Amino acid sequence: MTSINQSESNNLLTKPRTLWGDAWRRFKRDKMAVFGVIVLLLIVAAVVFLPLIYTTPIDKIDFGNSASPPSWEHPFGTNDLGQDQLARMLVGGRISLTVGVAAMMVAIFVGTLIGAISGFYGGIIDSLLMRMTDLFISLPQLPLLLLVIYLFREPMKAVAGPEIGVFMLIVLVVGGLTWMSVARLVRASFLTTKEMDFVTAAKAIGAKPTRLIWVHILPNVLSPIIVAATLAVGNAIITESTLSFLGLGFPPDVPTWGRMLYDAQNYIETAPHMALFPGLAIFLTVLCINYVGDGLRDALDPQSKR
């Protein structure tokens with residue numbers, strides 16, 4: 001009797017296993033994913049809080065200290081105008097990460113909406129939306145991106161200002177050209193989930209289509225959406241850096257990481273630190289985001305054995 005009572009008490013004290021709890025346990029076992037989270041959190045903390053401590057102005061010009069190497073006064077050196085590279089990288093990191101997250105939100109919203117409608121309703125709606133998705137996939141993204149930025153950059157500057165206008169344009173264009181993979185993932189998940197018994201039961205008691213989509217089906221297909229959102233941030237950061245490197249991104253006085261690489265291209269031989277540090281920041285950020293995305297993909301897979 002004592003052993004039986006002890007066994008029952010242990011069962012009562014044991015917390016029930018949940019999907020998210022199992023996913024967290026699998027995620028913790030992935031060393032590279034944990035490494036990615038730690039480094040990514042350090043980068044985010046640095047760009048958010050370190051400017052409060054390191055208060056060197058980003059726009060202070062000192063031609064006498066132009067393109068100087070790293071020193072105690074300027075840990076990351078200076079650029080061709082004598083401006084502090086560390087201060088500019090910290091501020092530029094805020095902009096690059098904000099662009100990445102905002103463009104990801106646009107892509108996830110559009111992709112989830114189109115994929116959910118296509119997968120739930122099927123038929124002619126599914127065919128039309130998937131053919132539109134195929135059309136966007138077949139477009140050459142970088143040339144189209146450059147063309148749209150070139151055509152609409154000045155009108156957006158006139159409407160919303162040089163910084164906000166370019167920010168809105170880049171976010172909308174990058175997000176508007178990267179939603180297709182999300183739409184396909186969500187559609188495939190909806191096609192599978194809508195045939196399950198709990199959805200059939202909800203239909204039987206009179207649940208409306210909008211309730212079926214947002215309450216019953218969508219919460220059960222969040223796993224691929226979360227993974228796609230994570231990877232989309234890295235893709236958006238790379239795209240913004242490419243645009244800035246080509247001179248079609250933010251104005252010269254806005255120090256994004258891509259813009260800093262663009263300014264450093266003529267000084268790679270004489271002042272390699274100008275390209276090294278922003279390039280390393282982009283590399284580490286995108287690499288860690290990809291590690292986290294891969295870890296989430298494995299952790300949220302119900303068939304994972306890890």
Side-chain angles (χ1 to χ4, degrees), residues 19-20 23 96-149 152 167-196 199 209-243 285-286 289-302:
L19 173 64
W20 295 106
S96 296
L97 292 175
T98 303
V99 169
V101 173
M104 173 272 291
M105 294 176 65
V106 172
I108 294 299
F109 175 78
V110 175
T112 301
L113 182 64
I114 291 178
I117 295 174
S118 178
F120 182 81
Y121 290 102
I124 185 65
I125 296 177
D126 181 28
S127 298
L128 290 175
L129 291 177
M130 286 301 100
R131 298 298 75 76
M132 182 183 70
T133 303
D134 293 338
L135 174 63
F136 272 83
I137 291 176
S138 65
L139 293 174
Q141 290 195 4
L142 184 57
L144 181 61
L145 186 65
L146 295 176
L147 178 62
V148 173
I149 295 293
F152 294 99
F167 174 82
M168 292 174 58
L169 181 60
I170 291 177
V171 166
L172 291 175
V173 174
V174 173
L177 292 177
T178 54
W179 56 266
M180 295 79 72
S181 60
V182 180
R184 286 190 171 277
L185 285 172
V186 173
R187 173 183 177 271
S189 299
F190 261 71
L191 289 174
T192 302
T193 308
K194 75 175 184 179
E195 303 297 332
M196 293 184 175
V199 179
T210 53
R211 181 172 178 82
L212 289 173
I213 292 174
W214 298 108
V215 177
H216 296 283
I217 302 179
L218 188 60
N220 290 279
V221 300
L222 284 179
S223 299
I225 296 176
I226 292 173
V227 175
T230 305
L231 299 176
V233 175
N235 180 59
I237 292 174
I238 288 290
T239 305
E240 183 277 323
S241 300
T242 302
L243 290 173
T285 303
V286 176
I289 289 173
N290 288 336
Y291 279 151
V292 173
D294 289 341
L296 287 174
R297 180 173 55 200
D298 294 336
L300 294 173
D301 183 3

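This is a predicted model, so every value here is computed, not measured.
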Full working for side-chain contact (heavy atoms from CB on, under 4.5 Å) between Thr285 and Val233: CA-CA 10 Å; Thr285 303; Val233 175; over 6 Å; no
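- Heavy atoms from other residues, nucleotides or ligands lying under 6.0 Å from CE of Met168 number 12 at most.
- Looking at Asp294, Ile289, Leu296 one by one, the single match for side-chain contact (heavy atoms from CB on, under 4.5 Å) with Val292 turns out to be Leu296.
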Using the rule given for side-chain contact (heavy atoms from CB on, under 4.5 Å), can you reason through Leu243 versus Leu146, listing the C-alpha separation, both sets of side-chain angles and the distance that settles it, and then say yes or no? CA-CA 7 Å; Leu243 290 173; Leu146 295 176; 3.6 Å; yes
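- Interatomic distance, Leu135 CG to Arg131 CZ, rounded to the nearest 0.5 Å: 10.5 Å.
- Atoms OH and CZ, from Tyr121 and Phe190 in turn, are 10.0 Å apart once rounded to the nearest 0.5 Å.
- For the side-chain contact (heavy atoms from CB on, under 4.5 Å) with Leu144, the qualifying choice from Ile149, Leu139, Val173 is Leu139, the only one to do so.
- Atom CG of residue Leu128 and atom CD1 of residue Ile117 lie 12.0 Å apart, to the nearest 0.5 angstrom.
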Assess the residue pair Leu97 and Ile237 against the criterion (side-chain contact (heavy atoms from CB on, under 4.5 Å)); give the C-alpha distance rounded to whole Å, side-chain angles, the decisive distance to 0.1 Å, and a yes or no. CA-CA 7 Å; Leu97 292 175; Ile237 292 174; 3.8 Å; yes
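- Considering all non-hydrogen atoms of both residues, Ala229 and Met104 come closest at O-CG, 3.1 Å.
- Looking at Thr193, its side chain does come within 3.5 Å of a backbone N or O of Ser189 through a donor-acceptor pair.
- From Ile226, atom CD1 reaches atom CG of Leu231 across 12.0 Å, with rounding to the nearest 0.5 Å.
- Among all heavy-atom pairs drawn from Phe167 and Ala102, the shortest one is CZ-CB, 4.1 Å.
- How far CG of Leu129 is from CD1 of Ile124: 10.0 Å, rounded to the nearest 0.5 Å.
- Scanning both residues, Ala116 and Val186, for their nearest heavy atoms gives N-CG1, 3.6 Å.
- Remark: Phe152 CZ is loosely packed, at most 12 non-hydrogen atoms of other residues, nucleotides or ligands lying under 6.0 Å away.
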Evaluate Thr178 against Gln141 for side-chain contact (heavy atoms from CB on, under 4.5 Å), listing each step before the verdict. CA-CA 9 Å; Thr178 54; Gln141 290 195 4; 4.3 Å; yes
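- Residues Met196 and Asn220 fail the side-chain proximity criterion, which asks for heavy atoms closer than 4.5 Å.
- Taking each heavy atom of Ala236 and Ala103 in turn, the nearest pair found is CB-CB, 3.7 Å.
- Under a 3.5 Å cut-off, the side chain of Lys194 and the backbone N or O of Ile217 do not form any donor-acceptor pair.
- Here the straight-line distance linking atom CZ of Arg187 with atom OG1 of Thr192 works out to 10.0 Å at 0.5 Å rounding.
- For the pair Glu240 (side chain) and Ile170 (backbone), a donor-acceptor distance under 3.5 Å is absent.
- Taking 4.5 Å as the limit, some side-chain heavy atom of Leu218 sits within range of a side-chain heavy atom of Thr112.
- Smallest separation of non-hydrogen atoms from Ala228 and Leu185: CB-CD1, 4.2 Å.
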